Structures are given as C-alpha cells and as structure tokens.
S.K.: 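Let me begin by handing over the structure; questions about it come next.
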Amino acid sequence: MSGFDQHDLFGNLHAAVEAQRPKTPQELVEGLTAPQREAVEHRGGPLLIVAGAGSGKTRVLTRRIAHLLATGDAQPHEILAITFTNKAANEMVERLVQLVGDRAKRMWVMTFHKAFFRILQAESERLGYRSRLTLYDDSDSRRLIQEIMRERDIDPKKVTPKGVAGKISLAKANLQTPEVFAEGGGFYQGPFHQMTADLYSEYERRLFAASAVDFDDLLMKPVMLFERFEEARLYYADRFRHVLVDEFQDTNRAQNELVFQLTRDHRQVCVVGDSDQSIYRFRAADIRNILDFESTFPDAEVVVLEQNFRSTQRILDAANAVISNNASRVVKNLFTQEGEGTPLTVYGAGDERDEAAWIASEIWRLQRDLEVPLNEIALFYRTNAQSRVLEEEFNRAGIPHRLIGATRFYDRREVRDLLSYVRLLLNPDDEVSARRIINVPKRGIGATSVTRLGQYAAQHQMTFAEALRHGADAGLTAKAAKAGLQVAELLDQLRHDLLLLRPSELLAEVFHRSGIEAELQAEQSVESASRLENLGELINSVAQMEADGALESIEEFLESAALTAASDDLDDDRPKVSLMTLHVAKGLEYKAVFVTGLEEGIFPHFSARDDEDQLEEERRLAYVGITRARQFLALTHAERRFKFGEQGSGYSASLPSRFLAEIPEDLTVRLGTAGMPRPSRWGSDDHYFERPDDDGARTFGRPSASPSFQARRKAPSTSGAENLGLSAGDVVIHERWGEGTVISTSGSGDMAAAKVKFGEVGEKNLLLSVAPLRRS
DNA sequence: CCTGATTTCGACCCC
DNA sequence: CGAAATCAGG
C-alpha cells in the first residue's frame with residue numbers, strides 16, 4: 001500500500017515491459033485467496049465486499065476492474081471507481097495502469113467530491129446557474145455565513161459562524177433543503193433553530209447568486225439534479241455501467257443516495273467497506289449505509305475478507321480485542337499468516353514531553369538496531385494540537401519528520417489571495433472572492449467601504465464586483481471610490497489575459513499587476529519574504545505541471561487546488577518519520593507505528609464521554625490506528641498533560657485510556673511509569689543489551705521519579721562521530737564491534753549515517769551522532 | 001475612515 | 001500559539 005515495497009518497484013518495471021499484452025482473466029486471479037477471487041469474478045448484480053483491515057481490498061478492487069475489462073464485461077469509460085481521498089484514488093490509478101495500461105486513464109477513478117463536481121459543472125445550466133461554478137471550501141463558506149450574520153446583527157459570540165456552518169453542512173449531508181430543515185422534523189424547534197434555518201436559507205440564496213457551491217453541495221446538488229431531471233440521471237447511470245465504491249462505511253446519506261441513483265437500474269454496483277473502520281460520523285457518515293446495503297439490494301452477493309496480509313498476529317489480536325468491545329457490530333475476526341511477531345509496547349510517560357522523548361529514543365533504536373527506515377515509521381495522535389510537543393522533541397533529537405495533513409499549501413493567506421483573483425476573473429459573480437481581494441494589496445478600501453458596496457450591490461441587484469464601479473454612488477469617500485474603480489479596471493484587463501495566457505503566466509500576471517508582488521517586496525520582513533517565496537513556488541509548480549502536460553486549463557488547476565486535501569500532498573520518499581492524526585492514517589500502513597496520547601479525555605476524546613455511539617467510534621479509531629502497523633506497535637500515554645482547560649490551562653492528571661485496558665496483558669510489554677522498568681522488547685533482547693551507547697540518557701525503563709526532566713535536559717547526547725568527516729574507505733573502530741571499513745555515508749549533521757563493514761557482525765548502518773566510533 | 005498594533009479568545013476528527 | 005476582535009493614531 002505504502003508504495004515503498006521493493007516488489008512494487010519491480011512490479012512497475014515488469015508492468016512496463018508487459019504493458020502491450022493485456023492480462024488474461026486467469027492471470028488476474030492468480031495468487032488470490034478464494035474469497036478475493038470470488039470478489040473479482042462476481043458478475044451480474046450488487047456486490048458487497050466486507051474487507052477487514054489489511055485484507056487486500058485495493059488489490060481486489062483493481063483486479064476486479066481489470067478483470068471486467070479482460071472478460072469484455074466492461075469498457076474503460078464505463079467504470080466509475082470512487083474513493084474518499086485523492087491519495088487513495090491516485091494509488092488506485094497507478095495500480096490500474098500497471099494492470100491494464102493506458103486504458104486506465106479513460107476510467108473515472110476519483111473521489112466522490114471530484115466526480116460529482118465535474119458532473120455538476122457539466123449540468124449547471126439545468127439547475128439555473130449562470131456562470132461557471134466556483135467551489136467554496138470551508139473557509140469560504142464560513143466567510144459568507146459570517147457576512148450574512150453581520151448584516152443581520154447576529155452576535156457571533158452567541159452563535160458562531162462555525163457552528164452555523166456545521167449545522168448547515170449536516171443538513172446538506174442529510175439532503176435537507178432549507179425548507180425541510182426549517183420544519184425540523186419535529187425534533188428541532190425554537191428561536192435558535194429558526195435563526196439557523198433563516199441563515200441557511202439566505203446562505204443558499206447567496207451561494208446561488210455567486211454561482212458558487214460548497215463541499216456539501218457537490219453531493220447534495222447532484223442528488224437533486226438526478227431527482228428533477230430523470231434524463232440526466234439516466235445519462236450518467238447508463239454511462240457508468242460499473243460503479244465501485246471504496247470505504248463505503250464512511251458514506252453519508254447523500255453519497256449513499258448518489259450510488260443508488262446511478263446503479264438502481266443496472267445494479268452493477270460493488271461497494272467495499274469495513275464497518276469497524278467507520279470514523280467519520282461527525283461529518284454525517286452513516287454506518288447504516290453499509291449495514292443496510294443488503295436490504296437496499298436484497299440480491300447482493302456478500303464476500304468477507306478476513307485474512308490480513310499486513311500485521312503480525314499479536315497486533316491483530318490486540319485490534320480484535322479492542323474492537324470486540326463494540327456492541328453494535330458484525331463480528332469478524334482477522335487472522336494472519338505473518339507470524340506471532342513481537343509484543344506490543346505500552347509506555348506510560350510522566351508527561352507529554354517524556355512521552356515524546358521516549359518515542360524519539362525508540363525511533364532511533366528502531367532505525368539503528370532494527371534498520372527500520374524512517375519513512376516506515378509513523379506516529380498517530382487524536383488531535384492536531386498534540387503534534388506540537390512531538391515535533392519540538394523531534395527537532396531537538398534531530399529526527400527528520402513530516403507532518404501530514406496539518407496545513408494546506410493552498411490555505412496560506414497569500415496563496416488564497418492570488419487564487420481569489422483568478423476565481424473572480426473566471427466567475428464575476430463570486431462574492432467571497434471579490435470581498436477578499438478588494439483591498440489586497442492595501443488600497444484604502446476598508447471595512448466601512450466594503451459594507452457600503454455590499455449594501456449598494458444588494459439594492460441595485462448587481463454583483464459585488466460590479467458595485468466597485470459605483471463607489472461614489474454607494475457613499476464611499478472620493479479616495480476609496482477611485483480605488484474601487486481602479487480595481488474594476490484591473491479586473492477587466494486581467495480578464496483579457498485569461499484567454500491568451502497559460503495558467504502559470506496568468507498567475508504571474510495577476511501576481512505582478514495586482515500589486516501583491518510590490519507590496520510584499522516593499523515590506524522587507526521575514527514574513528513577507530516567505531510569502532514571496534510561496535507565491536513563486538505556486539507559479540513554478542503550475543509551470544511544471546504545464547510542462548508535464550498534466551494541466552489543461554486554469555479551471556482545472558483551481559479545481560484541484562480546492563479539492564486537494566492536506567493529507568494528499570507530497571508523496572516524497574525521503575526518509576522521514578510521518579506524523580498525522582488517526583483519521584488521516586486510515587488506509588495507510590507502516591512497519592512501525594506509535595499511537596500516542598492514549599488517555600481518557602484525549603483518546604477517547606472527552607466529547608464522546610457521555611455518548612455510547614461516539615465512544616464506539618473512538619474505539620473504531622483505535623482499531624484503525626492499531627491495524628496500521630505491520631511489525632512494531634507502541635501505545636503511549638502520559639500521567640500528566642498540559643491542557644487547555646475550561647478554567648485556564650495547566651497540567652492535569654490523565655488516566656490511561658480504557659482502550660489500553662482492553663488489550664490483553666500477555667500481548668504487551670509495559671514500560672515507564674505504568675510498569676516495571678524493563679527494556680523494550682522490540683526485536684531481540686540481544687539488540688537491546690548490545691546497545692553500546694546506552695548511557696542511560698533515554699527514559700525508557702526508568703521508574704516514575706521524574707522521567708520528563710531527564711528527557712528534557714538530556715536530549716540525546718552525541719558521540720561526536722558525526723564530526724569525523726568520514727568517507728568511504730576510512731577505517732574506524734567501534735567500541736563493541738571493533739575495526740570496520742566505511743562503505744558509504746549519507747546525511748549530515750545529526751542525521752549523518754554511515755554503512756560500515758565489520759569483521760564479525762558484517763555490515764551495519766550507523767547513525768554517527770550516537771555510534772561510539774573513532775578513527776583507527 | 002483606514003491601518004497597524006495590541007489584546008483577546010479559543011482549540012477534535014475532514015472531502 | 002495563531003487568528004480575529006478591538007484600540008489608538010494618522
């Protein structure tokens with residue numbers, strides 16, 4: 001899955017050579033288990049694949065698609081394969097290219113949101129939109145809601161725009177129009193609900209006027225389109241004669257309905273999912289969609305994949321034990337042939353710094369003694385806020401790492417500003433973008449002027465951008481009115497370039513002509529330098545995409561910018577430890593995994609405290625985390641943690657998570673304050689005792705005294721070997737292994753490493769800053 | 001009326 | 001710690 005595997009590389013080469021000859025149906029089921037094969041070969045009706053973690057579902061899905069082609073049961077353009085993340089989609093495309101060659105490019109293999117944005121864009125006229133659609137992301141929607149609330153003098157403290165946005169989002173996911181929402185189905189009543197309903201209604205009106213759609217519209221609007229225009233539904237249902245959906249357990253009502261609308265006639269629908277991995281309830285995923293699939297399609301064939309090809313038995317046993325505490329689930333038990341494996345480590349830290357320090361020391365050990373590459377190590381946490389301490393400690397310890405899914409490049413302010421210009425050029429109705437760029441760079445059009453322009457636009461039924469030309473009439477000062485006129489002219493001129501320039505050139509032109517460039521250059525701060533750099537990077541990356549032939553138009557670029565999640569980014573293979581939330585981790589796998597912060601209140605999160613359903617979801621999240629690990633799994637918790645509390649912030653005691661107690665003791669080794677001081681048992685004890693540089697600076701195995709302070713003061717001390725300036729051929733002496741010859745070196749500073757050949761123990765990869773090494 | 005500086009407040013998970 | 005509300009000055 002993760003793509004680092006060697007056999008994948010060879011697979012690629014192999015595929016390139018073999019690409020000319022399509023695989024036969026027989027070849028496509030080679031090496032599959034009986035249930036996997038059944039899933040690949042099933043024909044003629046609905047298919048539900050219940051796929052446990054690590055049971056090879058991507059493999060089955062891609063083989064099934066290839067098989068459909070090979071037997072002539074489907075043409076490439078008839079395939080719609082839906083995933084939840086771009087990352088998963090890209091991976092699927094890659095594998096399909098290996099299996100069926102370039103024909104894969106004619107299939108629709110993408111996320112729900114992308115597929116239905118395309119359909120919505122193509123059919124927007126039917127729904128009455130007058131311009132090309134602009135996609136509003138969460139922050140755009142929030143701005144619009146905030147603006148509406150401001151106009152209505154609603155106190156943003158009593159009702160937050162975020163809260164309102166959340167309510168509207170849920171309503172849309174459940175296919176509730178403003179009218180239906182207002183009625184409330186008897187459950188929700190009262191003035192507060194009424195106000196939310198009014199806001200929802202106005203929000204919809206404004207979105208429509210701006211020719212804009214939000215994320216939830218990408219699902220809800222197509223449902224409405226298909227309901228109102230049967231011929232549109234039939235067109236797409238006929239075109240996509242084979243619909244396959246991954247991660248079906250995380251679909252919401254709208255997504256479920258879309259699948260049904262597209263497939264209810266031909267019934268060639270294949271959904272894959274694992275109810276134990278449903279973790280998106282908070283964004284309206286409804287686990288019943290998968291549980292009720294068989295009642296929706298009574299003739300559905302069900303295939304259950306229970307053999308896990310990823311983890312050791314101990315890891316699976318732990319996962320099974322935890323998830324078995326969920327009452328509402330279909331029982332299934334994963335098994336593996338990967339062997340027992342080593343025990344899991346449970347580490348009880350003093351506080352979060354100690355936790356981080358221990359993890360850092362373990363990572364060093366994993367890579368040094370067990371030669372686990374850094375990019376095969378991952379660290380998960382429940383909330384993004386937990387990442388900071390971990391990062392700080394990793395910086396101190398010199399552990400190369402990357403945060404996945406934290407901040408999106410496209411969310412940086414300067415990037416959004418620039419893209420807002422382009423959005424406005426493409427869609428003059430776009431209110432949010434117009435409001436955003438009107439005073440970027442500073443032109444002397446402040447809040448008061450913007451409000452007046454907004455009022456004027458509303459009164460005279462024109463767009464906000466159009467109102468810029470009527471600043472004087474709208475009551476702006478002469479200076480502001482003039483500036484407004486200039487913006488309008490600037491937009492006219494830039495709109496000219498739209499047809500003439502390539503996307504990257506257009507961005508560069510906007511960057512320059514808008515004055516954003518000049519303003520940033522004038523500022524001369526570290527901050528502005530970084531912004532300039534980011535925008536340069538943006539333009540360069542677009543130019544690169546053009547050069548690669550990967551970008552047709554600026555519209556396409558905006559679409560991908562809007563639909564790219566933070567977690568989709570850079571598949572760089574550099575050796576770094578990955579840090580991410582448990583949600584982002586779904587679908588990934590690593591040789592070694594750390595799940596951190598297993599404490600009551602954090603994981604399970606306190607918001608799930610009184611709700612059994614939410615608690616079960618937290619448990620599924622734990623299940624997801626555990627099952628990401630192939631060989632090594634450590635679970636950590638801290639006794640005290642710095643928290644942002646209701647009454648101020650400070651350290652407070654943290655109880656170990658109930659999920660820890662749910663793991664049978666005999667699967668684990670307990671370390672730190674929670675247990676006896678013993679060395680970690682990952683790998684052989686030999687490895688541990690052999691560690692020549694075990695100077696006691698690390699914290700594992702220490703009694704509870706105050707491990708955190710030790711961890712803090714004694715960041716890994718260096719052996720000094722990284723400063724020897726070693727190169728291949730040098731002869732060195734290792735304290736334990738004696739004389740050896742340097743074969744190669746890599747990295748620098750704290751991460752400088754060398755491959756050294758010793759007489760007795762053979763070749764070793766050494767991290768120089770810790771290896772007790774000297775020149776001979 | 002705009003802008004830059006200062007204060008305040010708030011924080012779960014995401015396509 | 002960072003974004004948004006608020007304040008003081010031009």
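A quick note: this is a predicted structure, and the numbers were derived from the prediction, not measured.
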S.K.: By the 4.0 Å heavy-atom rule, please label A/Asp138 as base, sugar-phosphate, or nothing.
M.R.: base
S.K.: Treat primed atoms plus P, OP1 and OP2 as sugar-phosphate and everything else as base, then score nucleotides 5-10 of chain C 5' to 3': B for base contact with protein heavy atoms under 4.0 Å, S for sugar-phosphate contact only, - for none.
M.R.: SS----
S.K.: Looking for any heavy atom pair under 4.0 Å, which part of the strands does A/Thr581 touch: base, sugar-phosphate only, or nothing?
M.R.: sugar-phosphate
S.K.: With heavy atoms under 4.0 Å as the rule, sort A/Arg620 into base, sugar-phosphate or nothing.
M.R.: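 No contact.
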S.K.: If each of A/Ser449 and A/Arg382 is mapped to the nucleotide of DNA chain B with the nearest heavy atom, which maps nearer the 5' terminus, i.e. the 5' end?
M.R.: A/Ser449
S.K.: How would you label the contact of A/Phe112 with the nucleic acid (heavy atoms, under 4.0 Å): base, sugar-phosphate, or nothing?
M.R.: nothing
S.K.: Could you list, one pair per line, each protein nitrogen or oxygen that sits under 3.5 Å from a nitrogen or oxygen of nucleotides 3-5 of chain B, together with the distance?
M.R.:
from, atom 1, to, atom 2, distance (Å)
B/dT3, OP1, A/Gly444, N, 2.8
B/dT3, OP2, A/Asn439, ND2, 3.0

S.K.: Report yes or no: is there a donor-acceptor pair, N or O only, under 3.5 Å between the side chain of A/Thr111 and the base of B/dC15?
M.R.: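 Donor-acceptor pair under 3.5 Å: no.
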S.K.: Would you call A/Asp214 and A/Lys172 a salt bridge, taking side-chain N to carboxylate O under 4.0 Å as the test?
M.R.: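 Yes, A/Asp214 and A/Lys172 are salt-bridged.
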S.K.: Students often get this wrong, so: under 4.0 angstrom with heavy atoms, is A/Phe84 touching a base, only sugar-phosphate, or nothing?
M.R.: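 If one applies the 4.0 Å heavy-atom cut-off, A/Phe84 turns out to touch the sugar-phosphate alone, with no base involved.
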S.K.: Counting heavy atoms not belonging to A/Arg329, are there more than 12 under 6.0 Å from its CZ?
M.R.: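 Buried by this count: over 12 neighbours within 6.0 Å.
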S.K.: With sequence neighbours left out, which residue pairs that include part of residues 253-262 of chain A fulfil the side chain to side chain donor-acceptor pair (under 3.5 Å) condition?
M.R.: A/Asn256-A/Asn289
S.K.: Kindly state whether the pair A/Tyr280 / B/dC13 counts as stacked, where counting means centroids closer than 5.5 Å and planes tilted less than 30° apart.
M.R.: no
